[in-house]
Amino acid sequence: MALDQALAAVARIAYLTSDVIVDSQPPFPATSAFAQQYASLTGTSTNIPRVVPAPFGADPGSTILRNPANLTSFTATSNTQVSTRLVLHLAELSSRPVVLHLAVHDDLSDVLLLRSAVPWFLLSSTTQQAHDNALLAARLARLERKPVVHVFYSSHDDEPLDAFPEDKILPFLLAAKHPASPSSASGHVTLEDTTDGRSVIDDPAVTVLFKAYQAVAAETLSHIRRPLRDFVVRGSSEPQTVIFTVGRQDISVAAEGVSFVALSLLNPIPPSRLLSAIPASVQRVIVLEQVYRWTTKWTPLYLEVVSALQHRSSEHRPIVLSGILGDVSDITLPDIHRLVESSSSARLQLGSLPSAFSATSVPVVPKYESAYTKILSHVFGDRLQVANSPSLVASQGQIATAPEFALGRVRGQIDARGDLVSAVEELLRSERIGSDLHALLSKWLLSKDDGVKSKKLARDITTSLESTVVDHPAAAKILSLQSHLPATSRWIIGSDAWSYDLGASGLHHAIASGLNVNILIIDTLPYTARNSADPHRRKHDVGLYAMNHGDVYVASVAVFSSYSQVLQSLMEADRFNGPSVVLAYLPHRSEESPALEVLKETKLAVDAGYWPLYRWDPSKEHDGKEPFSLDSDAVKNDLKQFLDRQNHLSQLVRSTPQIAAELVSNLGDTVKEARKQRAQQSYNDLLSSIDAPPLLILYASDGGAAEKKAKRLAGRAKARGLSTTISTLDSVPLETLTKEEYVVFVSSTAGQGEPPQNGRTFFKAVNAAATRGDRVFNRLKFSVFGMGDSHYWPRPEDAHYYNKPSKDLDARLEKLGVIKRHLKPAIQDINRVLLDTLAACGDVNRNVICSSIPTMSKLHAQVYEFAKEISSHLIPRTTAYHEIWLDKKLVAGEALKDFEPLYGEFYLPRKFKIAVAVPPTNDIDVFANDVGFIAIVDKDGELEGFNVAIGGGMGVTHGNKKTYPRTGSIIGFCTVEQGKYVAEKIMLVQRDHGNRVDRKNARLKYTIDRMGLDVYKAEVEKLLGYPLEPSRPYTFDRNIDDFGWHVGQDGKHHFLMFIENGRVQDEPGREFKTGLREIAKVLKGSFRLTANQHLMISDIPPEDLDVIKNLLVKYQLDNLNYSGLRLSSSACVAFPTCGLAMAESERYLPLLIDKVEKLCEENGLRNDSIVMRMTGCPNGCARPYVAEVAFVGKAPGTYSMLLGGGYYGQRLNKIYRESVTEPEILAILRPMIERYAKERLPEERFGDFTIRAGYIAPTTEGKAWYDRMGGEGAYAESAVIAVA
């Protein structure tokens, strides 16, 4: 096929001007012509944009939105699906610098849908014009930060092209904006129409856009030396007829009294410009547009012309006619005369229309697809109805093959059949029909879903109604709906391209619709090519997704593996009353792939478990049958072999559990156990012989009051002859209570509504059992005696803390008989909105964090995409998550042979975390993570790559000096493309060399210190196959959040609010939760969480700024009038949420800061930032070990105090005092803060000062964290004790 010169020219300009290109792919098996051009430019051009392919059937608009840049270009060959899906996102793209390059052949019907929704719409009809307009569009979009649509005609002619040099393109794009020409004071442009002297006032918004176009057109002219006009007029200077043309500008015939106006700017079109092309002599205006499938009466430009002529008086208005512009290459002068002299009111036509237009628009159906369509035709015959059949394209357009169209068509048919059923039922209630017709209608109602019976009855009913006069409106309605009398089998057929974006493709709507429709999705990816897919795009498991809905029939079939299973699945899908999804495997690389290759690929995939054959029929659950059927013989055999490996001993133990203990114990242990059991039995018999039942009293007490009450109660019970046992709550396992009948619980209240220390384990066990929905207390009769002081909680908002442990215990004990039924539906609901909780915990890469505003700058956007890419690359591939929430059924590919390509069989030794920082802000504490990437930019502000830090980690265990915190060590530099592979290899070395014996020493930091940093780095480089480059210079100056308002590169606003310790709740005077809920109702942007526990309202459009600001003020969410100390503080949640907490944290730190703030204010340090952090245990969730001042909980009210951390997280602090209470904390900090205020150096931070002043020694590395702890010299803990 000849090279498309226009497409090549546009592709070159798009490639050289863009940062990101989104290239829409054509239907299979065709390939993108744009992509071929981009591939040829890769090795020869200095500018290399990121090319993102958008598969056919996916949503191109969402792909553009996910890839923001200084200039994004979208390239596609026009079709209905692309145009209609772009329309949905044009409002969101309205403030994005985007150019939409759309190639057309001979019809503008699809692309003109976009005209009224974008600021500028350019049309090019020649190769040179396409080149020049592409350059103009790039400059215009980048300068004005608004979208531009550029439509151009494909051209295979060898016309000469004067291409703009590559080295001049970037200076042209980045040149400063020329000042606009002065506008009128009112903002309107007023021109006098010389025809009748009336004024023409253009819309000021249109004028602004038009002048922006003119300015950029003038700039382009100065570079390319070719004029770019909004339209070109040719022909008579005093015409009687003006012909506006929108299409190819190749009308070469001159006609007397006729002028031709060829438009290249279709939006904006100021009325004054149109009128300037219609002189006073004109009596007739003809608007010809190349739209062959326009469904409305009036075409787009026709309405513009008519509207413009309304500015003239009625006696000076010419007649305006509309017409279609066809192929004008062969027109003659008589053709022009006939057009001009035509008096028909019908739509005119100039030139011939393409005879094969409809036929060539029908999409190509791959020949191998017939393997399934023939089965459908054979099984269902004339009952088969393919709702998105390619044969509909001729009448409905390309949209007819889309799943949304098909679903709407099916819904309309089902609704019509519902109306038919209602009409039949209404007619049956009438007494005006004969007995024969009554019998036929009754039989049809009973057999309406039977394909054979309903068809025969439909003929009989139609004949009866047509031959007999029935005086009832329902009879006429039945005849009008007679096509719906036979039961049909409705199918929607699609490809695996729908699997990449379930929401945009419409597949989600079909699955969730509940309609009785069958969906056949044909997957063509060969097994041997499964790992060659685009790493930036992830195919969803449609079968798994559909099964999560619970009301969808799902089958996975392969015609080249099991023909009978395909037949059975299709028939079951047809019988199922509801949505059905049949996943059909048909692997082939091209149309020329031999059948033998398809057979081999199918066998490999099915035998390996990559494509399991299964059926899932939810309707069987109602009959008590198993809904899941595994049909893969190979997988079945593997399962059978696995079960056969269970030896006879295991089977014997399962059948007789008592044997297990005898097999694993010796005779002496058995005898001892037997004696113990007999003694226990004798004791139990003795207790049982007492008349009164035994009583168990359990107490939890910190101060001894509850213990005294419990002992007094036990004494009185024994005095009355009761067999009474008394013990602490924690001393009795929950399982033991299942055997008790009468139990009294006595508990006091500790802290802020917490249980006492000797009852917390029991409380946790009860909570866990209630959460699991266990039913353990079938016979228990209990009473809870709670102790507390109501006067201790005088404020109404704190009243619920009174006797809270006892009230909670009473509620939990009651709940232990109730089965929790909501967990599985909750997980399914999460999946329905395309979210999941996969990898939220466990020995995997748990998270990748980066800066909170991806749209702040081009650099931030690139870093955000880099972080997403790493996260996707390292996410576990296990199917266990899905199997658990689908009743542990084998439901997905490779489910039996679960394979983790990165984590292997045993995953990592411990959790793994990654952070990406953008200097100079270290707001995510990059050195506190296992792997840290520090963005490096070149002198032009472009992202070069990342410095790589490894081995950070915060967790410590009190009293265990084998555990310590560590900051990451920089090992080199990598490029953006290398980043995800560097992270992978670092993780793999940890996987293979980490400590799997002692979990307390299993984190990456210990592996590095055990192996040595250089050795670890060498192992990473060995796996990479190349050495890392030396690290590049960078600068950090803080690790706190930048509060307040910010404006991103896209013009949208962001507000970072202070949420102390991340707690969003309503309190008197601080209704944060209510305020955020009100903001969420109107916010068009998003909420973003920061690593410092604060909240950002992001991506606020300028037009919504006042609304958001008013809500922030109303709910006091805009208040940033806090001290530097408070703004720099953070704490973990601790009590009462965290089971590992040893002391208060989140609830106590604000109270401590109240007191330390006063010390700072007394010394003039209110606005100075001092990083203070607190945790309730040594696990380090709030990253306390890199804070300047930190407190780590050891017991209620008692903390370790640490000093000397780096202000931007670059240095560990060190233990200054091992155990302090609040009075000691204030006594230590008072003189220290006073001295800091007086003696600090310029720009010296508090952590640095404590080291220079001799309070604490610097921590040079994690292993040295315990060295010289306790203070230095006169400030050492031992020296202070000696003085005291």
Side-chain angles (χ1 to χ4, degrees), residues 14 18-25 32 34-35 38 49-76 81-82 84-101 141 145-147 497-508 533-540 833-836 848-873 875 916 918 943 976-977 979-980 1048-1052 1054 1083-1088 1096 1098-1101:
S18 307
D19 298 311
V20 173
I21 295 177
V22 177
D23 184 33
S24 180
Q25 306 299 300
S32 169
F34 288 96
Y38 300 146
R50 183 159 57 92
V51 180
V52 181
F56 182 77
D59 185 3
S62 61
T63 306
I64 296 172
L65 290 169
R66 288 197 302 266
N67 294 275
N70 287 327
L71 181 63
T72 301
S73 289
F74 172 76
T75 54
Q81 286 198 30
V82 169
T84 52
R85 285 177 177 159
L86 282 173
V87 168
L88 300 175
H89 294 282
L90 289 179
E92 297 173 87
L93 293 173
S94 61
S95 59
R96 300 284 185 98
V98 176
V99 180
L100 308 174
H101 295 287
R145 307 201 69 78
K146 289 182 173 64
W498 293 356
S499 305
Y500 288 98
D501 195 333
L502 301 182
S505 69
L507 195 54
H508 162 77
D534 185 353
H536 300 286
R537 293 166 54 231
R538 187 178 179 187
K539 185 189 293 186
H540 296 274
V833 295
L834 308 183
L835 297 174
D836 61 57
V848 180
I849 56 174
C850 68
S851 174
S852 299
I853 318 180
T855 57
M856 192 65 192
S857 68
K858 176 183 176 182
L859 175 62
H860 285 79
Q862 291 171 328
V863 167
Y864 177 64
E865 290 301 319
F866 175 77
K868 288 201 300 183
E869 188 175 18
I870 290 181
S871 179
S872 297
H873 186 64
I875 196 167
V916 188
V918 182
L943 178 63
V976 178
E977 293 74 19
K980 66 179 180 181
Q1049 66 169 7
D1050 57 357
K1052 292 187 177 180
H1054 314 267
L1083 180 64
K1084 298 175 183 176
S1086 55
F1087 291 102
R1088 298 186 182 277
M1096 172 169 288
S1098 188
D1099 299 317
I1100 305 170

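Reckoned from all heavy atoms, side chains included, excluding hydrogens, waters and symmetry mates. For reference, positions follow the sequence shown, starting with 1.
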Asker: In chain order, what residues pass the side chain to side chain donor-acceptor pair (under 3.5 Å) check against Lys1084, with sequence neighbours excluded?
Answerer: none
Asker: How far does OG of Ser851 sit from OH of Tyr864, to the nearest 0.5 angstrom?
Answerer: 11.0 Å
Asker: Is the closest side-chain donor-acceptor distance between Tyr38 and Thr75 under 3.5 Å?
Answerer: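 A pair is found: one side chain offers a donor N or O, the other an acceptor, under 3.5 Å apart.
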Asker: Can Val52 and Val20 be said to form a side chain to side chain contact (heavy atoms under 4.5 Å, CB included), step by step?
Answerer: CA-CA 7 Å; Val52 181; Val20 173; 4.2 Å; yes
Asker: CG of Asn70 to CG of Asp1050: how many Å apart, nearest 0.5 Å?
Answerer: 10.5 Å
Asker: Indicate the atoms forming the closest heavy-atom contact of Ser32 with Gln25, along with that distance.
Answerer: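 Closest pair (atom of Ser32, atom of Gln25, distance): CB-OE1, 3.7 Å.
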Asker: If you look at every heavy atom in Pro53 and Val51, which pair is closest and at what distance?
Answerer: CD-O, 3.6 Å
Asker: Specify the closest pair of heavy atoms between Leu65 and Arg96, including all atoms of both residues, with the distance to one decimal.
Answerer: O-NH1, 3.4 Å
Asker: Hey, could you give me the CG/CG distance between Leu100 and Leu90, rounded to the nearest 0.5 Å?
Answerer: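 One finds 7.0 Å between CG of Leu100 and CG of Leu90.
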Asker: Taking atom CD of Glu869 and atom CD of Glu977, what is their separation to the nearest 0.5 Å?
Answerer: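 Output value for this atom pair is 8.5 Å.
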Asker: Distance from Arg50 atom CZ to Glu865 atom CD, nearest 0.5 Å?
Answerer: 5.0 Å
Asker: If we ignore hydrogens and angles and just use 3.5 Å, is the side chain of Arg145 paired with the main-chain N or O of Gln1049 as donor and acceptor?
Answerer: yes
Asker: For residues Ser94 and Pro147, report the shortest heavy-atom separation together with the two atoms involved.
Answerer: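 Scanning both residues completely, I find the closest heavy atoms to be O-CD, 3.5 Å.
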Asker: What are the two closest non-hydrogen atoms of Val98 and Ala141, and how far apart are they?
Answerer: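 Nearest heavy atoms, Val98 then Ala141: O-CB, 3.8 Å.
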Asker: Short question: side chain of Ser872, backbone of Lys868 - any donor-acceptor pair under 3.5 Å?
Answerer: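 Here the side-chain-to-backbone pair exists.
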Asker: Show your working on side chain to side chain contact (heavy atoms under 4.5 Å, CB included) between Lys858 and Asp19 and close with a plain yes or no.
Answerer: CA-CA 10 Å; Lys858 176 183 176 182; Asp19 298 311; 3.3 Å; yes
Asker: Is Ser18 reaching over with its side chain to a backbone N or O of Ile21, donor-acceptor style, under 3.5 angstrom?
Answerer: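 Looks like no, no N/O pair under 3.5 Å.
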Asker: Does Asp1099 use its side chain to pair, donor to acceptor, with the backbone of Ser1086 at less than 3.5 Å?
Answerer: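 No; judged by distance alone, with no hydrogens or angles, the pair does not exist.
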Asker: Which heavy atom in Ser24 sits nearest to a heavy atom in Phe74, and how many Å separate them?
Answerer: CB-CZ, 3.7 Å
Asker: Quick check for you: to the nearest 0.5 Å, what is the distance between His101 atom NE2 and Asp23 atom CG?
Answerer: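 One finds 11.5 Å between NE2 of His101 and CG of Asp23.
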